[in-house]
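Inspection log for the structure reproduced underneath, given as structure tokens.
Here is the naming used below: chain letters follow the sequence lines, and residue numbers restart at 1 for every chain. Heavy atoms only: backbone and side chains are in, while hydrogens, waters and symmetry mates are out.
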Amino acid sequence: MPELPEVETIRRALLKALPGRKITETNVRESRLRWPVDVEKVNRMVTDQVVKTVERRAKYLLIQLSNESSLVVHLGMSGQLLLLTDSRPLQKHDHVIFHIDDRSELRFRDPRRFGMVDVVSSAALTRYPRFAGLGFEPLDVHVTHDILFQKAKRSKKPIKNLLMDASFIVGVGNIYANEALFYAKIHPLTPSNKLGETDWQRLLEKLRDVLTQAIQEGGTTLNDFVNSNGETGYFQLSLAVYGRSGETCANCGKTIQRIVQAGRSSFFCATCQRLKS
DNA sequence: CGGGCGGCCTGGAGGC
DNA sequence: TGCCTCCAGGCCGCCC
């Protein structure tokens, strides 16, 4: 569930609190995450380190530490990274706890255990296997619509699937792929190589609008997303098509459709988003 | 090799 | 009210 805006929301909250603070103790209570946590390595490389800054790559959070390494956290689909200023009872799915020197706690909570926690030295980060195949950052100003157009014209896969393909562009999950395509008036089944340069100009612009707006509204809370302070986001109130099959299109009044692509629901307005083939 | 899909995992929703 | 089934989805790995 957490896509780029939700991860970015958490990054910004952590950035206000963590830099300069020391992690005094690390406690891995459950190591069976998406990939098994190397408990000894995490304990050794994180404990007693001071947080320098907090960055993001794709949907990964990078908490940079004073020993030139980074704590790498992915929230999967149900993960939370909570900053608790007072000690509260541990919950069933509180898998990794980081104690901070101001007596607060950073807790990785993840019922479905699709997330991951790892620590990587800065030198190894550029060669980190999980980052090796990642595509463009949509909010990077160096990424232009022409770059995307040139890369996409070799692909026949539907544009919705391409937007969710992290080897092409990162951070875009099902919610924001659907929303961006709606605003750009592009049908989700459109073969990627059928999109022209002006289509890509519009699509990148609308994708950035949607992601930026979602960050401003603190992300989208559908089931369980909360930021590091335990607060929900508000962007779900602004969703135009996602989860709204059978409802009325705000633009034209026709009914919003739902289809399944690559095992994922797509929501769109067949009137506003004409399929060109 | 591009593209599709199964599997991981649990909680919540819906049906009976 | 309780049990069962289904669905959500990021990512990897397997398959054709």
- [ ] For the pair A:Gln261 (side chain) and A:Pro188 (backbone), establish whether a donor and an acceptor sit closer than 3.5 Å, ignoring hydrogens and angles.
- [x] yes

- [ ] For A:Ser122 and A:Glu68, indicate whether the former's side chain and the latter's backbone hold a donor-acceptor pair under 3.5 Å.
- [x] yes

What is the separation between atom [atom1] on [X] and atom [atom2] on [N], rounded to the nearest whole Å?
{"X": "A:Lys156", "N": "B:dG4", "atom1": "NZ", "atom2": "C1'", "answer": "15 Å"}
{"X": "A:Lys157", "N": "B:dC5", "atom1": "NZ", "atom2": "P", "answer": "12 Å"}
{"X": "A:Met77", "N": "B:dG12", "atom1": "CE", "atom2": "C1'", "answer": "11 Å"}
{"X": "A:Arg112", "N": "B:dC9", "atom1": "CZ", "atom2": "P", "answer": "13 Å"}
{"X": "A:Met116", "N": "B:dC8", "atom1": "CE", "atom2": "C1'", "answer": "16 Å"}
{"X": "A:His93", "N": "B:dG11", "atom1": "NE2", "atom2": "P", "answer": "4 Å"}
{"X": "A:Ile259", "N": "B:dG4", "atom1": "CD1", "atom2": "P", "answer": "12 Å"}
{"X": "A:Asn174", "N": "C:dA8", "atom1": "CG", "atom2": "P", "answer": "9 Å"}

Open item on the list: Tell me whether the side-chain N or O atoms of A:Arg264 pair up with the base of C:dA8 as donor and acceptor below 3.5 Å, since no angle test is needed here.
Closed with: no

TODO: Measure from the side-chain heavy atoms of A:Phe114 and tell me the nearest of C:dG10, B:dG11, B:dG4.
DONE: C:dG10

Task: Minimum-distance nucleotide to A:His74 side chain [options: C:dC11, B:dG4, B:dG11] - done: C:dC11

Side-chain heavy atoms of [X] within contact of [Y], under 4.5 Å:
{"X": "A:Arg57", "Y": "A:Glu137", "value": "yes"}
{"X": "A:Ile215", "Y": "A:Leu139", "value": "yes"}
{"X": "A:Phe182", "Y": "A:Cys269", "value": "yes"}
{"X": "A:Asp118", "Y": "A:Lys41", "value": "yes"}

Open item on the list: Counting the atoms with a prime plus P, OP1 and OP2 as sugar-phosphate, which does A:Arg258 contact under 4.0 Å by heavy atoms, base, sugar-phosphate, or nothing?
Closed with: sugar-phosphate

- [ ] Tell me what A:Gly173 touches on the nucleic acid: a base, only sugar-phosphate, or nothing, going by heavy atoms under 4.0 Å.
- [x] sugar-phosphate

- [ ] For A:Met116 and A:Phe108, work out which heavy atoms get closest and say how close.
- [x] N-CZ, 4.1 Å

TODO: Starting from the 5' end of DNA chain B, give me the residue, A:Ala262 or A:Arg113, whose nearest nucleotide shows up first.
DONE: A:Ala262

Task: Phosphate OP1/OP2 of B:dT10: any A:Lys92 side-chain N/O under 4.0 Å - done: no

Open item on the list: Does anything in residues 161-172 of chain A come within less than 4.0 Å of DNA chain C? Heavy atoms only, and list the residues if so.
Closed with: A:Met164

Open item on the list: Tell me whether A:Arg202 is salt-bridged to A:Glu205, with the criterion being a basic N under 4.0 Å from an acidic carboxylate O.
Closed with: no

Distances for protein N/O vs nucleotides 12-16 of chain C N/O pairs under 3.5 angstrom?
{"residue": "C:dC12", "atom": "O4'", "partner": "A:Arg34", "partner atom": "NH2", "Å": "3.0"}

Just list the side-chain donor-acceptor pairs under 3.5 Å for residues 163-172 of chain A, sequence neighbours left out, or say none.
{"residue": "A:Asp165", "atom": "OD1", "partner": "A:Ser167", "partner atom": "N", "Å": "2.9"}
{"residue": "A:Asp165", "atom": "OD1", "partner": "A:Ser167", "partner atom": "OG", "Å": "2.8"}
{"residue": "A:Asp165", "atom": "OD2", "partner": "A:Lys157", "partner atom": "NZ", "Å": "3.1"}
{"residue": "A:Asp165", "atom": "OD2", "partner": "A:Ser167", "partner atom": "OG", "Å": "3.3"}

Task: A:Arg103, CZ: over 12 other non-hydrogen atoms inside 6.0 angstrom - done: no

